[in-house]
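Before anything else, here's the structure in question.
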Amino acid sequence: MTRQEIEKEIRAIFLREFEVENPEPDVNLRDAYGFDSIDAIELLMEIEKVLGTELTQAEKKKAMDIRTLNQIIDYVQILADCRQTESEKN
Amino acid sequence: MSLTRFSRLAVNFCITLGLWAYFTLGYLLLMFVLFIPCYLRLKAGDAVLQKLFHVHLKIFFVLVGFMSPGVRFAVSEDVRRLRSSIIVCNHLSYLDPILLVSLFPRQTTIVKNTFFSVPIFGWFLRKAGYVPSSPTEMYGPAMINHLESIKRQLAAGGNLFVFPEGTRGREGRLAPFNRGVFSIARYCNTGLKLVLIRNTDRLFRPGSFSFDTRGEFTVSMEWIGSLTENDLKNSSISAAADQARTLFERKIRETQTGGDAQE
């Protein structure tokens with residue numbers, strides 16, 4: 001997945017699940033949109049759908065420290081790249 | 001104040017003192033005497049503690065029943081049989097969580113953070129695997145640890161019970177539902193069992209010190225419906241919370257209408 005594709009998916013999730021339209025890329029989501037830990041869990045489950053695989057506990061824990069949209073996109077991109085590399089190896 | 005009313009208050013006061021003495025000393029003595037040897041011998045310390053809480057509070061309610069001859073406890077069999085379930089309840093009284101602990105040998109719940117700072121009791125709560133509700137505990141990586149622990153407990157046959165109102169409702173009215181439990185259920189790939197509690201607020205009125213041991217009423221717990229795993233997957237968290245709330249409201253209306261008709 002390209003970064004643009006990931007960003008499109010994440011923005012769609014924000015609109016559909018959290019009713020946040022076009023979140024600013026570098027603002028703290030908690031402060032700006034009241035994004036809380038429950039939303040973070042929901043987002044993780046949506047990210048699993050986007051990636052088509054379950055996240056490990058360590059990956060989930062890493063996500064819980066994320067604060068901005070750009071950080072989410074970086075996070076998903078790293079995961080997508082890892083999974084692609086793994087599938088190429090196999 | 002009439003003599004009858006005074007004697008009723010005096011009886012309630014004395015029985016309440018006795019019950020709370022058992023409740024508190026039970027934690028201090030029974031737990032230390034039983035828990036430490038069990039804890040040292042068994043690895044699953046949380047399961048042992050939950051079982052001890054269960055036995056201790058079961059005895060507590062046997063005493064409550066014995067001291068309150070006019071109060072009947074009616075817990076439906078389908079509620080008693082619940083295992084590996086996330087149970088959503090309305091919240092009327094401080095008695096609600098301890099009644100639920102007395103029903104299920106393995107159980108966990110989300111507890112107000114202030115209880116964790118109570119000496120000894122707070123330590124027991126943490127050791128029993130109960131989940132603190134504070135924002136610091138439910139934010140960041142700790143949140144995942146708690147969710148995974150809940151998942152493990154459900155897999156081991158335990159129940160998670162939650163009061164999505166967060167606080168006790170007033171005069172039969174439901175407070176708005178927090179979304180947390182609905183998200184937890186989705187995370188754990190399970191559904192929700194909805195259980196309606198009635199009359200615990202008559203037995204132990206919010207804001208009152210004493211139990212009403214002279215009243216005549218039935219404290220009941222009834223399974224009023226479920227939200228399946230698919231229900232939760234196919235709707236937003238807010239929609240699921242609304243659906244659960246609607247089921248509770250409908251049942252409360254029905255029981256109030258039924259009660260009025262009977263009167």
Side-chain angles (χ1 to χ4, degrees), chain A residues 9-23 26-76 78-79 82-83, chain B residues 86 88 110 112-113 131-155 160 162-166 176-192 227 229-242 244-245:
Chain A
E9 290 277 4
I10 300 295
R11 285 185 182 280
I13 291 169
F14 267 80
L15 185 59
R16 187 176 67 240
E17 299 294 324
F18 312 119
E19 294 168 5
V20 175
E21 201 171 350
N22 285 325
D26 289 310
V27 300
N28 185 316
L29 295 165
R30 194 180 184 181
D31 299 339
Y33 307 107
F35 192 83
D36 60 17
S37 51
I38 299 300
D39 296 324
I41 295 297
E42 288 302 308
L43 179 63
L44 279 181
M45 288 185 274
E46 291 299 321
I47 288 172
E48 286 184 331
K49 284 183 201 164
V50 170
L51 294 172
T53 58
E54 281 195 15
L55 301 177
T56 64
Q57 266 194 61
E59 287 169 342
K60 287 174 187 170
K61 283 183 186 173
K62 212 178 272 179
M64 299 306 281
D65 286 328
I66 288 173
R67 297 287 176 265
T68 69
L69 182 74
N70 266 341
Q71 288 173 348
I72 295 170
I73 297 165
D74 292 341
Y75 169 78
V76 177
I78 290 168
L79 292 176
C82 279
R83 275 151 178 74
Chain B
I86 299 184
V88 171
I110 298 169
K112 271 190 186 162
N113 210 43
V131 181
S133 67
S134 87
T136 50
E137 294 278 358
M138 294 304 268
Y139 209 81
M143 173 94 174
I144 299 296
N145 289 338
H146 290 312
L147 290 172
E148 290 296 328
S149 149
I150 290 169
K151 228 177 181 178
R152 276 195 303 275
Q153 300 220 36
L154 292 172
L160 165 74
V162 178
F163 305 99
E165 294 171 271
F177 279 11
N178 294 322
R179 300 169 306 145
V181 66
F182 302 92
S183 193
I184 291 171
R186 267 164 61 148
Y187 185 94
C188 296
N189 299 316
T190 186
L192 295 165
L227 294 186
E229 189 183 336
N230 277 340
D231 288 337
L232 293 168
K233 271 186 187 155
N234 297 330
S235 64
S236 71
I237 289 293
S238 306
D242 287 344
R245 203 168 185 282

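Order of the sequence lines sets the chain letters (A, B, ...), proteins ahead of strands, with each chain counted from 1.
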To the nearest 0.5 Å, what is the distance between CZ on B/R186 and CE on A/M45?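 One gets 5.5 Å once the value is rounded to the nearest 0.5 Å.
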Should A/E42 and B/R179 be marked as a side chain to side chain contact (heavy atoms under 4.5 Å, CB included) after you check the CA-CA gap, both sets of side-chain angles, and the distance that decides it? CA-CA 11 Å; A/E42 288 302 308; B/R179 300 169 306 145; 5.8 Å; no
Is it the backbone or the side chain of A/E17 that comes under 4.5 Å from a heavy atom of chain B, or both, or neither?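 Only the side chain of A/E17 comes within 4.5 Å of chain B.
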Looking only at non-hydrogen atoms, find the nearest pair between B/G180 and A/I38 and report the distance.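 Looks like CA-CD1, 3.4 Å.
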State whether the number of non-hydrogen atoms from other residues, nucleotides or ligands found under 6.0 Å of A/K62 atom NZ is greater than 12.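 12 or below, so no.
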Apply side chain to side chain contact (heavy atoms under 4.5 Å, CB included) to residues B/I144 and A/L44 and explain how you reach the verdict. CA-CA 11 Å; B/I144 299 296; A/L44 279 181; 4.0 Å; yes
